[in-house]
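Order of the sequence lines sets the chain letters (A, B, ...), proteins ahead of strands, with each chain counted from 1.
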There are 2 protein chains.
Amino acid sequence: MKNCTVYKTMNIVGKRWTIPILLELYKGEKREKHFNELKRKVVGITPKILSVRLVELQTEGLVEKYVGSSVLPERSNYFLTESGEDFVKVIQEIKKWGTKWKFENSECDRSLCRYCDI
Amino acid sequence: MKNCTVYKTMNIVGKRWTIPILLELYKGEKREKHFNELKRKVVGITPKILSVRLVELQTEGLVEKYVGSSVLPERSNYFLTESGEDFVKVIQEIKKWGTKWKFENSECDRSLCRYCDI
DNA sequence: CAGGATCCAAAAGGATACTG
DNA sequence: CAGTATCCTTTTGGATCCTG
């Protein structure tokens with residue numbers, strides 16, 4: 001069972017805050033976000049957990065960062081990789097299932113939901 | 001954020017053991033499984049957690065049971081509802097993502113993986 | 001600004017035994 | 001057979017403060 005692809009994938013993305021972080025990185029035109037920007041927008045997350053999740057997501061290849069050193073203080077810019085963008089599509093399937101079977105939510109019926117922007 | 005469909009859906013299906021249970025219920029021709037049958041096949045799960053998860057899944061409408069009383073001792077038969085079956089399709093998307101981006105797994109490349117049978 | 005360190009509370013889950 | 005009950009360990013994450 002531990003060798004199952006679904007199991008292993010869920011161990012990456014099934015943790016608390018992971019999906020909100022991915023969605024926040026997906027939102028808007030600007031696809032790069034700074035650490036504190038994420039901390040502000042992912043409401044309720046603490047810096048510790050955000051840091052831990054970002055490391056995990058980088059390790060797993062869904063997120064990358066680069067450190068802009070032209071201006072001080074340095075800023076870390078996080079963005080979705082191709083696999084990260086692709087995972088947002090899976091999240092969209094989760095959302096479709098939820099709206100179909102469970103949650104009547106007029107927000108989510110709009111093409112861009114204000115909660116998750118997908 | 002707590003009002004987000006994705007968030008709420010993940011609270012239902014994101015818990016440990018939930019997906020293995022759903023997949024076990026999906027497997028094979030016989031779509032009804034007894035409690036101890038599930039306990040045996042979902043390797044490693046304890047009766048307590050299995051019981052808790054089955055209640056959750058019934059509450060959320062993904063699983064139903066009926067108790068056969070013609071033979072004693074009584075047997076509980078668990079099976080996927082329509083929404084439960086439909087969620088398996090979401091799991092298939094998760095699997096596709098995993099095999100595409102993360103895990104080369106010859107098992108999972110087959111149409112029926114021996115771990116999850118999807 | 002970006003994050004690491006600490007300490008603590010709560011939750012989740014495992015082991016095991018037990019019962020109608 | 002189908003769970004419940006109990007106890008305990010582990011994990012997780014929250015709060016907060018600190019630093020280069």
Side-chain angles (χ1 to χ4, degrees), chain A residues 1-2 4 7-8 10-25 30-60 62-80, chain B residues 1-2 4 7-8 10-22 24-25 30-60 63-80:
Chain A
M1 207 268 291
K2 304 252 167 133
C4 176
Y7 179 88
K8 291 192 283 190
M10 287 304 291
N11 274 346
I12 298 173
V13 295
K15 297 175 181 172
R16 195 170 185 191
W17 297 111
T18 297
I19 287 185
I21 291 168
L22 292 175
L23 291 178
E24 190 55 49
L25 286 170
K30 186 165 63 75
R31 286 299 168 85
E32 303 156 14
K33 313 276 163 63
H34 308 136
F35 186 87
N36 278 352
E37 191 179 355
L38 287 171
K39 186 156 72 65
R40 246 179 301 111
K41 301 225 179 123
V42 180
V43 179
I45 197 169
T46 62
K48 188 184 96 176
I49 300 300
L50 177 57
S51 174
V52 168
R53 289 291 176 275
L54 286 172
V55 168
E56 291 169 357
L57 288 170
Q58 287 170 83
T59 302
E60 299 296 344
L62 284 84
V63 166
E64 288 181 5
K65 80 164 172 180
Y66 71 87
V67 181
S69 51
S70 61
V71 283
L72 291 175
E74 288 177 343
R75 276 167 173 265
S76 295
N77 302 274
Y78 293 92
F79 58 95
L80 293 180
Chain B
M1 207 267 290
K2 306 252 167 130
C4 175
Y7 179 88
K8 290 191 283 190
M10 286 305 290
N11 274 345
I12 298 172
V13 294
K15 297 176 181 171
R16 196 170 185 192
W17 296 111
T18 297
I19 288 184
I21 291 168
L22 292 175
E24 190 56 48
L25 287 170
K30 187 166 62 77
R31 286 300 167 86
E32 302 157 13
K33 312 277 163 64
H34 309 137
F35 186 87
N36 278 353
E37 189 179 357
L38 287 170
K39 186 157 73 66
R40 246 180 299 111
K41 300 223 179 125
V42 180
V43 179
I45 198 169
T46 63
K48 188 182 95 177
I49 302 299
L50 177 57
S51 174
V52 168
R53 288 292 176 273
L54 285 172
V55 168
E56 290 168 357
L57 288 170
Q58 287 170 84
T59 302
E60 299 297 342
V63 167
E64 289 181 4
K65 81 165 172 179
Y66 70 88
V67 180
S69 51
S70 62
V71 282
L72 291 176
E74 287 178 343
R75 278 165 171 265
S76 294
N77 302 274
Y78 293 92
F79 58 96
L80 293 180

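- Distances shown here put every side-chain N or O of Y78(B) at or beyond 4.0 Å from the OP1 or OP2 atom of dC1(D).
- A heavy atom lying under 4.0 Å from DNA chain C marks the following residues of residues 31-41 of chain A, by number: H34(A), F35(A), N36(A).
- Using modelled atom types and a 3.5 Å distance limit, the side chains of Y66(A) and E32(A) yield a donor-acceptor pair.
- Listed here is the closest heavy atom pair of Y78(A) and L25(A): O-CD2, 3.6 Å.
- Residues I21(B) and V63(B) fail the side-chain proximity criterion, which asks for heavy atoms closer than 4.5 Å.
- One interatomic measurement links the two molecules: CD of Q58(B) to C1' of dA2(D), which rounds to 12 Å at whole-angstrom precision.
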Notebook entry, point to check: Checking side chain to side chain contact (heavy atoms under 4.5 Å, CB included) for the pair I19(A)/M10(B): CA distance, chi angles, key distance, verdict?
Noted result: CA-CA 9 Å; I19(A) 287 185; M10(B) 286 305 290; 3.8 Å; yes
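- Within the 4.0 Å cut-off from OP1 or OP2 of dT4(D), at least one side-chain nitrogen or oxygen of S51(B) is found.
- The heavy-atom pair separating Y7(B) from R16(A) by the smallest distance is OH-NH2, 4.2 Å.
- Checking K33(B), R40(B), K41(B) one by one against E37(B), the salt bridge (charged side-chain N to carboxylate O under 4.0 Å, His left out) holds for a single residue, K41(B).
- The C1' atoms of five pairs define one axis at each end of the helix from dC1(C)-dG20(D) to dG20(C)-dC1(D), and these two axes lie 50° apart (to 10°).
- Counting heavy atoms from C-beta on, the side chains of L62(A) and T18(A) never come closer than 4.5 Å.
- With contacts defined as side-chain heavy-atom distances shorter than 4.5 Å, the pair V67(A)/N77(A) does not qualify.
- Using a 4.5 Å cut-off on side-chain heavy atoms (C-beta onward), N36(A) and K39(A) make contact.
- Looking at heavy atoms from C-beta onward, L50(A) lies out of side-chain contact with V42(A) at the 4.5 angstrom threshold.
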Next item on the list: Report, as a single string ordered 5' to 3', how protein heavy atoms within less than 4.0 Å touch nucleotides 12-17 of chain C: B base, S sugar-phosphate only, - not at all.
Entry: -BBB--
